[in-house]
Amino acid sequence: MKIGYVQFKPRFGDKAYNISKMVQMGEQLDADVIVFPELANTGYVFKHQKELEQLSEPMDGPSVQTMQELAIKKNALVTFGFAEHYNGSFYNSAAAITPDGQVRVYRKVHLFNEEKRFFRRGTEFFTFEWRETIFGMIICFDWMFPEAMRTLTLMGAQVILHPANLVLPYCQDAMITRCIENRVFEVTANRVGMERGLKFTGMSQITAPGGVVLHRGTKSKEEAVAVDIDPKQALEKRINRYNDLIKDRFPEAYRMN
Ligand code: ACM
């Protein structure tokens with residue numbers, strides 16, 4: 001299975017440009033799984049509620065529909081971040097779309113900085129199966145909370161899809177640890193460039209069980225990269241003859257007294 005990312009520089013508020021760039025770069029990537037950045041169709045730095053009202057979409061909106069067409073055309077699992085309008089609230093969401101057209105939406109649980117002014121937090125992680133592989137999603141700052149990837153791992157996730165708009169320099173190295181402690185694959189699709197005074201750090205990354213960095217991208221270039229993996233490797237949780245990182249957990253000892 002080839003898993004990959006598209007790293008690009010969205011233009012704030014220009015959904016037509018962003019979506020056409022995503023289609024163009026996605027079409028050129030030879031991959032079974034394509035991950036785009038967080039809030040890829042809108043840009044990241046919202047300053048007014050009105051902007052969010054204008055740019056957000058429901059999960060069956062035009063951006064998701066265009067990405068559905070891409071998933072079908074590429075016969076690939078496509079994941080991208082978008083500003084979601086649902087039930088009177090706004091969420092920082094990511095859609096995972098399989099080539100049968102099915103859409104699953106994850107709503108970011110751990111909101112970063114000023115996101116808290118605009119978005120409502122999501123309340124659950126979930127997994128889904130496609131091509132005999134179990135996938136889970138997190139969004140950007142969720143990386144900072146080991147519980148996020150651990151929860152998905154305990155639910156059986158083998159590959160974590162991670163749309164991101166990273167501004168801190170730690171995530172790429174932290175992902176090495178996350179993939180050591182969980183023995184999973186992950187794809188971090190970051191964006192590049194400046195937007196309204198904020199600089200994004202690029203270096204999208206594909207990491208394997210054991211913390212092996214299969215690919216780390218450039219800091220500032222637009223690029224699309226995929227690598228071949230065997231997702232079954234993520235099923236092996238034994239570290240040696242005596243240790244298994246799931247079976248050796250001892251939740252009884254993790255309580256606070
Ligand atoms: C972030 O969560 N976009 C840093």
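Whatever order the structure lists ligands and atoms in, that order sets their numbers, starting from 1.
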Under 3.5 Å, which donor-acceptor pairs link side chains of residues 123-131 to any protein atom two or more places apart or in another chain?
{"from": "R131", "atom 1": "NH1", "to": "D32", "atom 2": "OD1", "distance (Å)": "3.3"}
{"from": "R131", "atom 1": "NH2", "to": "N75", "atom 2": "O", "distance (Å)": "3.0"}
{"from": "R131", "atom 1": "NH2", "to": "N75", "atom 2": "OD1", "distance (Å)": "3.3"}

Output a table of donor-acceptor pairs, distance under 3.5 Å, between side-chain atoms of residues 10-17 and any protein atom two or more places apart or on a different chain; print 'none' if there are none.
{"from": "D14", "atom 1": "OD1", "to": "Y17", "atom 2": "N", "distance (Å)": "3.1"}
{"from": "K15", "atom 1": "NZ", "to": "L55", "atom 2": "O", "distance (Å)": "3.0"}
{"from": "K15", "atom 1": "NZ", "to": "E57", "atom 2": "OE2", "distance (Å)": "2.6"}

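When heavy-atom distances to ligand 1 are checked against 4.0 Å, the residues falling inside are E38, Y44, K108, F112, E115, C140, F141, N165, ordered by chain and number.
With sequence neighbours excluded, no residue forms a ring pair (Phe, Tyr, Trp, His ring centres under 6.0 Å) with F36.
Taking the six-membered ring for Trp, H110 and F141 have ring centres at least 6.0 Å apart.
Judged purely by distance below 3.5 Å, without hydrogens or angles, the side chains of T188 and E186 pair a donor atom with an acceptor atom.
Considering R121, K108, R120 in turn, K108 is the only one that fulfils the salt bridge (charged side-chain N to carboxylate O under 4.0 Å, His left out) rule with E115.
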